[in-house]
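Chain naming here is simple, since letters A, B, ... match the order of the sequence lines and numbering starts at 1 in each.
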Amino acid sequence: MDDAYKPEIIEADAQRFWDENRTFQVTEEPGRETFYCLSMFPYPSGKLHMGHVRNYTIGDVMTRYQRMQGRNVLQPMGWDAFGLPAENAAMQNNVPPAQWTRENIAAMRGQLKQLGFGYDWSREFATCDPSYYKWEQWLFTRLYRKGLAYRAVATVNWDPVDQTVLANEQVVDGKGWRSGATVERREIPQWFLRITDYADELLDALDDMPGWPEQVRAMQRNWIGRSEGVELAFAIHGREETLSVYTTRPDTLFGVSYMGLAPEHPLTRELAESNPEIAAFVEECNKAGVAEATVATMEKKGLDTGLRAVHPLTGEEIPVWIANFVLMTYGSGAIMAVPAHDQRDWEFATKYGLPIRPVIAPADGGEPDVSAEAFTDKGVLVNSGDYTGMTSDEAFEAIAGWLQQRGIGERQTNYRLRDWGVSRQRYWGAPIPIINCPTCGQVPVPDDQLPVELPEDVQFDGAGSPLKQMPEWYRTTCPQCGGAAERETDTFDTFMESSWYFARFACADNDGAMLDDRAGYWLPVDQYIGGIEHAILHLLYARFYQKVMRDEGLTIADEPFTNLLTQGMVLKDGAKMSKSKGNTVDPQALVERYGADTVRLFAMFAAPPEQSLEWSDSGVEGGYRFLKRLWHLVRNHTAQGAAPALDVAGLTDAQRDTRRKVHETIRKASEDIGRRFTFNTGIAGVMELVNTLYKAIDDDSEQGRAVMQEGLEASVLILAPIVPHICHRLWQALGHDDAVVDAAWPQVDADALTQDTLEIVVQVNGKLRGNIQVPADAERDAIETAALDEPNVQRFISDKTVRKVIVVPGKLVNVVAN
RNA sequence: GCGGGAGUGAUGGAACUGGUAGACAUACAGCACUUAAAAUGCUGAGGCGCAAGCCGUGCGGGUUCGAGUCCCGCCUCCCGCACCA
């Protein structure tokens, strides 16, 4: 073993060893306990960033730890290869998106290998491979035939100058990012998947997913947003048809003082045709992006239509307004406004001088005060005719029943969740496998014509998708009638690819089926790791896809990911790393300077995985220092030759103390690394152990060296998942012929943990006043007496009366005196 | 705006079930080694105070023998909001 720690040499050696021995290539071995560990695959943007390094190190540590537990562990890697950045790069550098993407993948694959992650590369794929998206297209045609995929119009951001659809991200302060033009809303036909058919299952299953953070489950529950309410119809003076609204608060019905229509509501449209003022207002509303955050933060604006609705209970006339804050995508696109008890309605009413009528009083009997804001709690009804005096819940039942009896309203379960729009008017995505035939309409592409391949050798100028300018590509014949027809030129949302890649890793080489028996062997994923920013969309779509694939008979699991770990962001100077802020740290440079182990160690040491991680160059330096320290300790020990066998009975007190520290560390690290995933504290524990071993460095007695050997082996085994290269070398140096990657996780020797005396702290009135040593088996009375006799405790209680003594066994005594 | 989180020394963080606040590390200071520096090893250290001690976990209240941890009300920052991935 070398005197100096030389990461560049030992890391290349270890990686060659794993490579030559195909260490991480796994096969299905029936009867063996499996563990499928998956980190969210990256978008191939060019090079790895620190968020990737952190994510993939967490996954690799879990993978290697599970391997040391003897499980058959799968850890694959692939590429989320479709998406907007490739199109932007193509415009900037005049390189086809496919070429740019594949070059990036090659570069990033090299970086991942350099970091020593234990992936089974034989399963690798990119989502832009036709052999992958073929099956996505195949499944879509099945969903279409089942009625789970359908076409409808939907609103998009439209850049009137560039004549193109914009992503929400491309709308900056209401303007197109390239043209600077004010963005407009436009309705175009789009493909949708009926995720709302699965809303109840997606929601209810959240209660039975203990391996997911409660935080993420709460976000998904709120996103799905199931509510119980009433849909009721308001008659409109002088018109045949009624105006349908959905409310979760029928108990506030007597407080309705106006109606609100979305600018996109059919009634609004009809009125706009004959009323220029309304048309102008709608046009003004349309000069805005579609993002919900934009809509929700816009200044509330409205226009009285002049129509009057009729209150179903009082017969009173209620003005009908168009309001820009009413969402066409939720409920029926119209609301009954109760400004006294809904904050948005309150703000609108205040602005336009509409009446605010309190009809709910606080349950504690106070007067409702709605002068400064709406009173949104439930309570007791007032000013509500026959219903006055009922609680909100009683009135809900009574009013809903009354409406239902008269055929005016109906109880209804509603969801905030909308169907998933999967069409994108972009080039770099999987083509939607539909042929539009003038005779037959929409016809799914037959299986034997799949995949519909995306042409990759294209000129990309950014003015819309090249597919729309490629008649040689989109002109085709109808599979049904054989007549001339055109392919769909929209491509899929990239969430489509990331919604099932985890399953495809089980059988990526199968070109005859989407999934096979091997999916049954590996799925569901035991541990999924990725950024908290994916808490809702990606994770909800993947759950939906899993259920769809299950219902297609492709797999049996109900849920895709048994355990989920959401890692926090990597920050620099308190802010998210970004090119625009100029605060990025390039992992590549750090690996070259310190080696992969140091980078991995720091990423795991600086913070627990769920928290954000503040990057620190000097912290990295500290990690490097620790590895050198460990190296030198092993070097110093092994230079004296093989260590003698341990004889537990023959240890000195000091050796026994050292050995206790060894086993306390194993116990702590097993908890921290194996169960809690607080790798930072696990590493800190080993650092403490190494500090302790340094203090025992001069004990070159037989048993001193035996304890040192045991301590070093424990340290190396515990650190092996985190810094695998150095541990690979140190394990050999400690005299082992097997590789540490195949070694078993260390076991705690309970006998080594026993102590004769314990230190107990003593408080007086909750403040620390002293500590006492007591025999480990001391009785409560003896501890109490010892605590009261402690001189400093005496000083604080001598002029007081002891009222109570609280003894927390093995820890603390609190004397209450006054 | 709505939904979900987070605030602890100079810094990253620890304190797992309500029981010694600040483990471990960084930065800093001192000592040893060195012609010197770096590297390495050892030591010190929350603030105030000579000390006894007092104060201290974003802010204001509360529960408790005891609160960073539980409850109520605020403030600030971060993540998501359906076409970024």
Side-chain angles (χ1 to χ4, degrees), chain A residues 40 42-43 45 80 82-85 154 156-157 165-171 190 213-216 218-219 221-223 225 290-298 300 325 329 343-344 347 416-426 493-495 498 531-538 540-541 566 568-569 571 574-576 602 605-608 610-623 625-626 628-629 632 671-672 675-676 678 680-681 683-688 691 694 759-768 771 795 803-806 808 811-817:
Chain A
M40 290 182 186
Y43 178 79
S45 55
D80 190 14
F82 279 133
L84 266 187
V156 295
N157 302 305
V165 176
L166 296 179
N168 284 333
E169 188 194 47
Q170 298 172 313
V171 179
Q190 308 246 53
E214 184 48 45
Q215 181 201 147
V216 173
M219 284 195 255
R221 274 187 204 108
N222 291 330
W223 185 261
V290 298
E292 192 185 293
T294 311
V295 178
T297 48
M298 274 188 311
K300 290 186 175 50
F325 69 93
T329 49
Q343 189 58 24
R344 285 168 307 176
E347 282 164 25
R416 208 185 73 93
L417 179 71
R418 311 197 294 260
D419 276 341
W420 177 12
V422 296
S423 298
R424 297 292 180 270
Q425 295 70 46
R426 302 195 206 295
D493 176 8
T494 58
F495 278 126
S498 55
I532 182 68
E533 64 273 20
H534 296 290
I536 295 172
L537 292 180
H538 162 60
L540 191 65
Y541 292 143
T566 49
M569 318 252 303
L571 312 177
K576 183 177 179 172
F602 179 72
F605 179 63
E610 282 99 341
Q611 278 179 36
S612 60
L613 180 155
E614 175 68 31
W615 195 264
S616 150
D617 292 335
S618 53
V620 176
E621 189 79 40
R625 205 143 48 211
F626 170 71
K628 279 195 285 187
R629 227 167 120 75
H632 291 130
E671 275 289 291
D672 290 354
R675 182 185 63 84
R676 296 175 63 209
T678 51
N680 57 328
T681 54
I683 293 166
V686 181
M687 286 176 169
E688 283 186 51
N691 290 344
Y694 257 91
E759 190 189 73
I760 305 273
V761 300
V762 185
Q763 298 179 334
V764 176
N765 293 328
K767 292 194 175 179
L768 179 65
N771 45 58
R795 214 159 63 79
R803 301 288 173 192
K804 199 173 173 185
V805 179
I806 289 141
V808 181
K811 275 205 170 146
L812 163 148
V813 176
N814 187 15
V815 181
V816 184

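- Note on Arg629(A): a side-chain N or O is less than 4.0 Å away from OP1 or OP2 of rG41(B).
- Proximity of Ser612(A) to the phosphate of rC78(B): no side-chain N or O atom is located under 4.0 Å from OP1 or OP2.
- Here rC55(B) is the nucleotide among rC55(B), rU26(B), rA82(B) with the atom lying nearest to any side-chain atom of Lys767(A).
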Stepwise, does the salt bridge (Lys or Arg N to Asp or Glu O under 4.0 Å) test hold for Glu292(A) with Arg416(A)? CA-CA 12 Å; Glu292(A) 192 185 293; Arg416(A) 208 185 73 93; 3.4 Å; yes
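- With rounding to the nearest 0.5 Å, the separation of CG in Asp419(A) from OG1 in Thr329(A) is 12.0 Å.
- Listed nucleotides: rC81(B), rU20(B), rA15(B). Nearest to the side chain of Trp223(A): rC81(B).
- With a cut-off of 3.5 Å on both pairing distances, the Watson-Crick or G-U wobble partner of rA6(B) is rU76(B).
- If you take atom P in rA39(B) and the same atom in rU26(B), they sit 12 Å apart, rounded to whole Å.
- Base orientation at rG9(B) is syn, since its O4'-C1' glycosidic dihedral falls within 90° of 0.
- With both ends at atom P, the span from rG49(B) to rA15(B) equals 32 Å, rounded to whole Å.
- The base of rC2(B) has none of its N or O atoms less than 3.5 Å from a complementary donor or acceptor on the side chain of Glu292(A).
- In terms of the salt bridge (Lys or Arg N to Asp or Glu O under 4.0 Å) criterion, Glu533(A) has no residue partners (sequence neighbours excluded).
- Annotation: Phe602(A) is in aromatic contact with Trp615(A) [ring centroid separation under 6.0 Å].
- rU57(B) is unpaired under the criterion used here, namely a Watson-Crick or G-U wobble arrangement in which both key atom distances are under 3.5 Å.
- Judged by closest nucleotide on RNA chain B, Ala218(A) is the one of Ala218(A) and Val165(A) placed further toward the 5' end.
- Between Glu347(A) and Lys300(A), at least one side-chain nitrogen of the basic residue sits less than 4.0 Å from a carboxylate oxygen of the acidic one, meeting the salt-bridge criterion.
- Arg795(A) has a side-chain polar atom (N or O) that falls below the 4.0 Å cut-off from OP1 or OP2 of rG53(B).
- Without hydrogens or angle criteria, Asp80(A) side chain to Ser498(A) main chain gives no donor-acceptor distance under 3.5 Å.
- Contact between the side-chain N/O atoms of Asn168(A) and the OP1/OP2 oxygens of rA82(B) is found at a separation under 4.0 Å.
- At the phosphate of rC77(B), neither OP1 nor OP2 sits under 4.0 Å from any side-chain N or O atom of Gln611(A).
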Show me the protein contacts with nucleotides 60-69 of chain B, counting only N or O atoms at under 3.5 Å.
{"from": "rC65(B)", "atom 1": "O2", "to": "Asn814(A)", "atom 2": "ND2", "distance (Å)": "2.5"}

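- Comparing the same atom, C1', in rC2(B) and in rA21(B) gives a spacing of 37 Å after rounding to whole Å.
- Rounded to whole Å, the P atom of rG30(B) lies 16 Å from the corresponding atom of rA45(B).
- For the pair Gln611(A) (side chain) and Pro608(A) (backbone), a donor-acceptor distance under 3.5 Å is absent.
- Separating the P atom of rG4(B) from that of rC72(B) is a span of 14 Å, rounded to the nearest Å.
- Across rU8(B) and rU76(B), the matching C1' atoms stand 16 Å from one another, rounded to whole Å.
- Base pairing of rG18(B) is not made with any nucleotide, judged by Watson-Crick or G-U wobble geometry with both donor-acceptor distances under 3.5 Å.
- When the side-chain nitrogen and oxygen atoms of Arg675(A) are compared with OP1 and OP2 of rC16(B), none of them lie within a distance under 4.0 Å.
- Contact of Gln190(A) with rC83(B) (side chain to base): a donor-acceptor pair of N or O atoms is detected under 3.5 Å.
- Regarding contacts with the backbone of rA85(B), every side-chain N or O of Arg426(A) stays at 4.0 angstrom or more from both OP1 and OP2.
- Phosphate contact (OP1/OP2 of rA15(B), side-chain N/O of Arg676(A), threshold under 4.0 Å): present.
- With P as the reference atom, rC65(B) and rC74(B) are 28 Å apart, rounded to whole Å.
- A 3.5 Å limit on both hydrogen-bonding distances identifies no Watson-Crick or G-U partner for rA27(B).
- Pair check for rA85(B) finds none; no Watson-Crick or G-U wobble contact set falls under 3.5 Å.
- rC24(B) sits 12 Å from rG46(B) when the P atoms are compared, rounded to a whole Å.
- Across all strands shown, rA32(B) is found opposite rU40(B) as a Watson-Crick or G-U wobble partner, with both distances under 3.5 Å.
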Steps toward side chain to side chain donor-acceptor pair (under 3.5 Å) verdict (Gln425(A), Gln190(A)): CA-CA 9 Å; Gln425(A) 295 70 46; Gln190(A) 308 246 53; 2.9 Å; yes
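- Across all strands shown, rA52(B) has no partner, as no Watson-Crick or G-U wobble contact with both distances under 3.5 Å is found.
- Between Lys628(A) and rA39(B), a side-chain N or O to OP1/OP2 separation shorter than 4.0 Å is absent.
- Not one side-chain nitrogen or oxygen of Asn691(A) sits closer than 4.0 Å to the OP1 or OP2 atom of rC24(B).
- Here Asn222(A) does not reach the OP1 or OP2 of rC2(B): none of its side-chain N or O atoms lies under 4.0 Å away.
- Look at Arg424(A) and you'll find a side-chain N or O under 4.0 angstrom from OP1 or OP2 of rC83(B).
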